[in-house]
Novice: 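Okay, handing you the structure first.
Only this structure's heavy atoms are used, side chains among them; waters, hydrogens and symmetry mates stay out.
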Amino acid sequence: MIVLGAGVVGVSTAYYLAKAGHKVTVVDRQPSAGLETSFANGGQISAEHVEPWADPAALKTILTSIGRADAPLAFRIRADLDQWRWGLQFFRNCTTARARRNTERNIKLALYSRRLLQELRTVIDIDYDLGTGGILEIFDDPKEFEHARR
């Protein structure tokens with residue numbers, strides 16, 4: 001099996017595949033592991049941030065983001081049938097009931113993944129800048145704060 005990327009996810013994936021008996025090769029464009037990781041997420045592993053993008057507010061977010069370079073949810077309209085098919089499935093999941101169900105599924109997966117990462121850290125010595133002090137979130141909209149609090 002080949003794993004692309006030697007960041008924490010790629011190395012962890014390779015570890016568990018090898019542990020399960022597979023022959024694994026990790027491929028990365030850098031000469032060693034972890035040299036080009038966490039660019040877009042700032043190195044943050046946040047199991048508690050599980051709210052799906054597909055929620056009742058998504059349509060407004062997408063409509064107000066079209067054309068913005070700093071859009072939180074970039075959607076570039078193209079004449080691509082697969083993109084439109086995906087978009088329709090995405091919007092089908094934007095109901096309150098489906099967003100709640102998907103949030104519950106995401107939290108189960110995230111907590112499981114976090115537990116495996118914690119176990120992995122105790123079994124092998126992964127050298128990375130682990131911080132467990134939490135994160136600071138700043139809200140300038142009381143409605144968004146209340147939504148996040150719930």
Novice: When you check the gap from the basic side-chain N to the acidic O, do Arg115 and Glu119 get nearer than 4.0 Å?
Specialist: yes

Novice: If you count every heavy atom of other residues, nucleotides or ligands that lies below 6.0 Å from Tyr112 atom OH, does the total exceed 12?
Specialist: no

Novice: Can you see which heavy atom on Pro52 is nearest to which on Ala99, and at what distance?
Specialist: CG-O, 3.8 Å

Novice: Hey, are the side chains of Arg101 and Asn93 touching, using non-hydrogen atoms and a 4.5 Å cut-off?
Specialist: yes

Novice: In this structure, would Val9 and Leu117 fall into the same cluster of hydrophobic residues linked by side-chain contacts under 4.5 Å?
Specialist: yes

Novice: Which value, rounded to the nearest 0.5 Å, describes the distance between Trp84 atom CH2 and Phe90 atom CZ?
Specialist: 13.5 Å

Novice: Between atom NZ of Lys23 and atom CD1 of Ile2, what is the distance when rounded to the nearest 0.5 Å?
Specialist: 10.5 Å

Novice: For atom CZ of Arg100, is the number of surrounding heavy atoms from other residues, nucleotides or ligands below 6.0 Å larger than 12?
Specialist: no

Novice: So which heavy atom on Val26 is nearest to which on Ala6, and how close?
Specialist: CG1-CB, 3.9 Å

Novice: Taking a hydrophobic cluster as the set of Ile, Leu, Val, Met, Phe, Trp and Tyr residues connected by side-chain heavy atoms closer than 4.5 Å, whether directly or through intermediates, do Leu59 and Trp86 fall within one such cluster?
Specialist: yes

Novice: What's the spacing between Leu17 CG and Thr25 OG1 if we round to 0.5 Å?
Specialist: 11.0 Å

Novice: Does Tyr15 use its side chain to pair, donor to acceptor, with the backbone of Ile124 at less than 3.5 Å?
Specialist: no

Novice: Side chain of Gln83, backbone of Arg78: donor and acceptor closer than 3.5 Å?
Specialist: yes

Novice: Distance check, rounded to the nearest 0.5 Å: Leu109 atom CG versus Asn102 atom CG?
Specialist: 12.0 Å

Novice: If I compare all heavy atoms of Leu116 with all of Tyr16, which pair ends up nearest, and what's the gap?
Specialist: O-OH, 3.1 Å

Novice: Nearest 0.5 angstrom please: Gln89 CD to Cys94 SG, how far?
Specialist: 12.0 Å

Novice: Looking at every non-hydrogen atom in both residues, tell me the closest pair between Gln30 and Asp28 and how far apart they are.
Specialist: N-OD1, 2.9 Å

Novice: What's the separation between atom OG1 in Thr122 and atom CG in Leu120, rounded to the nearest 0.5 Å?
Specialist: 8.0 Å

Novice: Inspect the surroundings of CZ in Arg92 and state if more than 12 heavy atoms from other residues, nucleotides or ligands are less than 6.0 Å away.
Specialist: no

